[in-house]
Amino acid sequence: MPELPEVETVRAGLSRSWIGRTIECVELRRAGLRFPFPENLDTELTGRRIEGIRRRAKYLQIDLDDGRVLLSHLGMSGRWTLDASTSEGKHDHVVLHLDDGSISVYNDARRFGVLDLYEGESHRLLDHLGPEPLGEWDAQQLHEKLNRRRSPVKIAILDQKVVVGVGNIYVCEALNRCGISPTRLACDITIEECGTLVIEIKKILAEAIQAGGSTLKDFAAVDGTLGYFPHQFKVYGKEGDPCDCGGTVERIPQGGRSTFWCPSCQT
DNA sequence: AGATATTCCTGGAGGC
DNA sequence: TGCCTCCAGGAATATC
């Protein structure tokens, strides 16, 4: 499941191949993914040159030469494959033919992804989003958001209005590094603890981007060979394993998903 | 407004 | 081997 670091690496990979290219032909193999595609998406994209690719939260914003933006979210299993040799895979939903003769394929088994076209600054999926964790994000901002929430801190951090891009894996890892129990109420997290959380979240995301950049310098994330980064997790998926502190990693359900944590050192 | 439940979807894992 | 059930999860959406 791509989290922010994965999306950032995909952005870098796509940028290298796509920027400056013109889309010559678009094949839509179905009418939509999570949401229906906008009307005539294929012809609207045809002839457009790609001028840049930005990222907001886990959304990719592909800037086109007519001022419009192609919005792409990978959902759980979405994947852009560049220089595809075939576009006949089982879940190949969208195919772009570029003016250098290459073929880019969007594949998404679970179809939680999004592909949309918009113009201007505003989009319904972007407008409500909270701060970027790797931007000017600090303890004060986090504390203000957590302050008025009575849900567990782990659930609150997953809320895109609190901070964007921190998914289930990295919130578990960050709380473990900070020694904070995922079951604590958000409003009980002190400003000092918010400071630690902000620092650790920034660090863990930056490390993951670094790992992606070095391990996947050939942009494996978008050439179809890899869905996960070979990243070392301390608690995520480690139920029953020993924690560094000597305790044992446990798994508990929170909001219908799994939280991995160590009750010995996270209090 | 905030909390909670539901929803989308398929592949993979475990049980028998 | 095969069938069945359950689970994973981002995040919008509806409901209370």
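Atom set for the values below is all heavy atoms of this structure, side chains included, hydrogens, waters and symmetry mates excluded. Each chain gets a letter, A, B and so on, in the order its sequence line appears, and its residues count up from 1.
OP1 or OP2 of C/dG9 sits under 4.0 Å from a side-chain N or O of A/Y236. Neither OP1 nor OP2 of C/dC7 sits under 4.0 Å from any side-chain N or O of A/R110.
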(Q) Run A/K202 and A/E200 through salt bridge (charged side-chain N to carboxylate O under 4.0 Å, His left out) and show every step you take. (A) CA-CA 5 Å; A/K202 283 174 183 282; A/E200 290 303 329; over 6 Å; no
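Between A/V198 and A/A139, the shortest heavy-atom contact is CG2-N, 3.9 Å.
In this structure, A/R79 places its CZ atom 17 Å from P of C/dG9, rounding to the nearest Å. Distance CD1 (A/I169) to C1' (C/dA8): 11 Å, rounded to an integer number of Å. Nucleotide C/dG10 holds its P atom 18 Å from the CG atom of A/L71, rounded to whole Å. Look at CG on A/L33: it is 21 Å from P on C/dG9, rounded to the nearest Å.
When the nearest nucleotides of DNA chain B are assigned to A/G255 and A/K161 by heavy-atom distance, the more 5′-ward of the two goes with A/K161.
Judged as a side chain to side chain donor-acceptor pair (under 3.5 Å), the pairs with a partner in residues 253-264 of chain A (not counting sequence neighbours) are, in order, A/K154-A/T259, A/R251-A/S258, A/Q254-A/T259.
Residue-level contact check: A/R251 touches the backbone only, with heavy atoms under 4.0 Å from sugar-phosphate atoms and none from bases.
From A/I180, atom CD1 reaches atom CD1 of A/I157 across 7.5 Å, with rounding to the nearest 0.5 Å.
Boundaries of the chain A contact region on DNA chain B are B/dG2 to B/dG11, first to last in 5' to 3' order (nucleotide atom under 4.0 Å from a heavy atom).
A salt bridge is absent between A/E121 and A/R54: the closest approach of a Lys/Arg side-chain nitrogen to an acidic carboxylate oxygen does not fall below 4.0 angstrom. Using a 4.0 Å cut-off between a side-chain N of Lys or Arg and a carboxylate O of Asp or Glu, A/E6 and A/K58 do not qualify as a salt bridge. Ion pairing of A/D244 with A/K234 is present here, as a side-chain N (NZ or NE/NH1/NH2) and a carboxylate O approach within less than 4.0 Å.
The cationic atom of A/R111 (NZ for Lys, CZ for Arg) does not lie both less than 6.0 Å from the six-membered ring centre of A/Y106 and within 45° of the ring axis.
A donor atom on one side chain and an acceptor atom on the other are found under 3.5 Å apart for A/D116 and A/H123.
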Q: Indicate for each nucleotide in nucleotides 11-16 of chain C, in 5' to 3' sequence, whether protein heavy atoms under 4.0 Å reach the base (B), only the sugar-phosphate (S), or nothing (-).
A: BBS---
